[in-house]
Amino acid sequence: MPAITLPDGTVRQFAGTVTGTDIAASIGPGLAKAALAIEIDGKLCDMALPIPEDASIRFVTRKDPEALEMIRHDAAHVLAEAVQTLFPGTQVTIGPSIENGFYYDFYRNEPFTPDDFAAIEAKMKEIVDNKAPFTREVWPRDEAIKFFEDKGERFKAELIRDLPESEDISIYRQGEWLDLCRGPHLRDTSDVGNAFKLMKVAGAYWRGDHRNPMLTRIYGTAWRDRKELEVHLHQLEEAERRDHRRIGREMDLFHIQEEAVGQVFWHPKGWRLYTTLQDYMRRAQTRWGYEEVRTPQLVDRSLWEASGHWDKYRHHMFIATVEDEDKTLALKPMNCPCHVQIFRHGLRSYRELPLRMAEFGACHRYEPSGALHGIMRVRGFTQDDAHVFCTEDQIADETVLFVEMLSAVYRDLGFSDFRVKFADRPEARAGSDEIWDKAEQSLKTACETAGVTYEYNPGEGAFYGPKLEFVLRDAIGRDWQCGTLQVDLVLPERLDASYIGEDSARHRPVMLHRAILGSFERFIGILIEQHAGKFPLWLAPVQVVVASIVSDAGAYAEEVVAALRKAGLHAEADTRNEKINAKIREHSLARVPLILVVGRREAEERTVALRRLGGATQEVLSLDAAVSALKLEATPPDLLEH
RNA sequence: GCCGACAUAGCUCAGGGGUAGAGCAACUGAUUCGUAAUCAGUAGGUCCUCGGUUCAAUUCCGAGUGUCGGCACCA
């Protein structure tokens, strides 16, 4: 006699074991039709699952987030059935739901191509239209393994073998087809609906390990209805329009070419953006008590051996030799060992700590070819790097200070939203467990002091210490890891850094590695995509174009430009023999934030007609008023008087 | 690095075993115009590189390089 408690608190008694389907039917035909799944005591289950005992339940309908996830998961099953029907001999592996959709990994000698999509999608629609119920069965482990092995499905058999003994081996059937699956699933294949689309094929390693065979993965997107699908496809187009590689070309900011793979040729406008950002960061560093340094690009192998990088990262370092000298040097992949050299040059006193040493450090790393991506992932880049040499007691205060600085910088650059992840010891690491215990504990304490809440990112720390990762979210909801704060008790030891304490004895300092932007290249890529190239005025490479209407106003336009430049603005004159419509269109497409239109009238009255990017209206100002207003408006946020 | 796709004018792209095509941009000329495209003309190419097949390859085949999408990697 199970008593079923509904979300509104009412309790219904049933004569014997019931299912979600029974309960929904007993409540009403509307719900019976709408309920796709049932949550039993907080656990999402199939509608058809028998409920023998008292339980609190809740029905999941198409509008619930869980339903969308199930639609995607079911779509993956439907995809797998379609593929195995059309391409016999293909082995199935796994197919989860993911953000915006699903994928399924197959093993097949011949990989799929997007040309196969039409046929696969057609077959999927057929399967959906068949309205085949998803039914759950629990099989004995040995039987399941034998079944899949006999079918030649060695990946599935391996999955079952690796399931914990305590777990049921559940099999879901949909019509003729079946798959090992934890579930839960929707009622039948028609619940998947018609708002799905196959998107791309890709290679993926079995179980994510590059030593395993390569599978062929088919990605799809799936939604509740066609309208949601359309919105998603539209967002993808929008993201493509924001692509920093495209905007970089359109705005003439930078390029990359074959002779310098993974390295950026900054064009004048891109470099202006870069230096504006660098100037800003330099001011921030000064304000927060950093000293700037500069260290060599090429450093002898012995230093990298001492730091441990040679051992671990040699294959990712650019090595340089000269014919006349028997030496091996490496382009620095990071700055920390060099900063330690400055620290240990001469005796340091505890009075100097915390010592904050910053460098816009140009680094080179031989990134795997497949990792390269525009200017976001490159082989030559510049970090806004710094190392804080301090005592263990100072870690907490330094963390507080750093989080304060990072928040201010992100806010000034237009990012208000960021999360923190705590990455602890990786498998391959330097230093004893004791040291790691200490480093992780002090970083946790520091987070508490700084009021930083974080999520765990297990095993993702640097080889010399745990780290905080600062992940910011851009205008279209994508996450980017930029900032980092790492506690390092290993390198000071390895590179023999010390200071004289109050007790006149030598002590090891702690090293905090930290960056806010990460790398300029990557961060500028993010900035471009965040703003879709429409930068805030202070960052815009061309801030103002003065466009003349008639050639008689040309001289005045030049005069306006000169006045703006004198005030420190990046201004250009457009006195070409073109119609004003054409000029406005062109500079608007070039994402110039401000256009000053000048014709005969403005020249006579010494005024300008100000038009803002995207705006339909204009504002007529005197030249002097315009110059001082724009100068103020173009002031970097950290230099504004509050 | 691995799997797949792609590489044609500055850009976006079409084409195809036998003089290489469009739009935009560029250049020249005319036009002097009031808030998102004035008109006309001209020029522009090792069809990524190297090899093979062929009477003939930019096109077909192979290798390499690069880019793109994933996977793996990201000190």
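Each chain gets a letter, A, B and so on, in the order the sequences are listed, and its residues count up from 1. All values derive from a computational prediction rather than experimental measurement.
- If you take atom P in B/A9 and the same atom in B/A22, they sit 14 Å apart, rounded to whole Å.
- Applying the side-chain hydrogen bond (donor to acceptor under 3.5 Å, both in side chains) definition to pairs two or more places apart or across chains, those involving residues 105-120 of chain A are A/Asp105-A/Arg217.
- If A/Tyr366 and A/His309 are placed on RNA chain B by their nearest nucleotide, the residue sitting closer to the 5' end is A/Tyr366.
- Contact annotation for A/Glu578: base contact, defined as any heavy-atom pair under 4.0 Å involving a base atom.
- Stacking annotation: A/Tyr313 is stacked on the base of B/A75 (ring centroids less than 5.5 angstrom apart, interplanar angle below 30 degrees).
- Look at the P atom in both B/G29 and B/G34: the space between them is 24 Å, to the nearest Å.
- The six-membered or imidazole ring of A/Phe415 lies near that of A/Phe523, with a centre-to-centre distance under 6.0 Å.
- Both tests pass for A/Arg72 against the ring of A/Trp223: distance under 6.0 Å to the centre and angle within 45° of the axis.
- Between A/Arg377 and A/Asp243, the residue anchored nearer the 5' end of RNA chain B, judged by the nucleotide with its closest heavy atom, is A/Asp243.
- Distance, A/Tyr205 OH to B/C71 P: 11 Å, rounded to whole Å.
- No side-chain donor-acceptor contact under 3.5 Å links A/Gln341 and A/Thr295.
- Rounded to whole Å, atom P of B/U67 lies 12 Å from atom NE2 of A/His255.
- When rounded to the nearest whole Å, the span between CD1 of A/Ile218 and P of B/G4 equals 14 Å.
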